[in-house]
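Here is the structure we will look at.
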Amino acid sequence: RIFMEMRAHPETKSNGDTSADLIVVPAMLSLLKSGGVFLAIYASAALVNLSSGNQAVKMVLMAEGMAKTAVRNMQGKDDDLSYYTLMLLVNLTKEPHNRS
């Protein structure tokens, strides 16, 4: 919630500064990988919001192996986790260089 409020009020951030977003991304990825289904759902939802329109976050996610994590999440049986993972993949593949 704090990070989304920071994004909603651009006067609180310097121009183009995404350092808070980039600090949170590795923590969210660790929750996706080993936090259990409940935490993974919320981490996926947060990453959907953080990656929407933020190229730096998208690049960090791809560099940290989000594609393999997404495949693992999709193989699970939880509908909510699959839903948010698909939404995240849509955000990530909106840039052509992430599609390969």
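None of these values were measured; they are calculated from a predicted model.
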[atom1] of [X] to [atom2] of [Y]: how many Å apart, nearest 0.5 Å?
| X | Y | atom1 | atom2 | answer |
| --- | --- | --- | --- | --- |
| Asn54 | Leu47 | CG | CG | 11.0 Å |
| Leu39 | Leu31 | CG | CG | 5.5 Å |
| Met59 | Leu92 | CE | CG | 10.5 Å |

Exercise for review: Report the C-alpha distance between Lys33 and Arg72 in whole Å, list the side-chain angles of each, state the deciding distance to 0.1 Å, and finish with yes or no for side chain to side chain contact (heavy atoms under 4.5 Å, CB included).
Suggested key: CA-CA 9 Å; Lys33 293 176 183 176; Arg72 188 178 51 82; 3.8 Å; yes
**Study point:** CA sep, side-chain torsions, deciding dist, call: Glu64, Val25, side chain to side chain contact (heavy atoms under 4.5 Å, CB included)
**Key:** CA-CA 9 Å; Glu64 294 289 328; Val25 170; 5.6 Å; no
Exercise for review: Please answer whether the main-chain N or O of Asn49 pairs with a side-chain N or O of Ser52 as donor and acceptor at a distance below 3.5 Å.
Suggested key: no
Point to revise | pair Leu61-Ser51: side-chain heavy atoms closer than 4.5 Å | key: yes
[X] and [Y]: which non-hydrogen atoms are nearest, and at how many Å?
| X | Y | answer |
| --- | --- | --- |
| Gly76 | Ser82 | O-OG, 4.5 Å |
| Asp78 | Leu81 | OD1-N, 2.8 Å |
| Leu32 | Asn73 | CD2-ND2, 3.6 Å |
| Tyr84 | Val48 | O-CG2, 3.5 Å |

Review point. Any link between Met28 and Tyr83 through a network of hydrophobic side chains (Ile, Leu, Val, Met, Phe, Trp, Tyr) touching at under 4.5 Å?
Key: yes
Exercise for review: Give a yes or no on whether Leu29 and Val37 share a hydrophobic cluster (residues Ile, Leu, Val, Met, Phe, Trp, Tyr; joining criterion: side-chain heavy atoms under 4.5 Å apart).
Suggested key: yes
Review point. Which ring-ring contact (aromatic ring centres under 6.0 Å, His included) pairs, counting each pair once, include a residue from residues 22-51, with sequence neighbours left out?
Key: Phe38-Tyr42
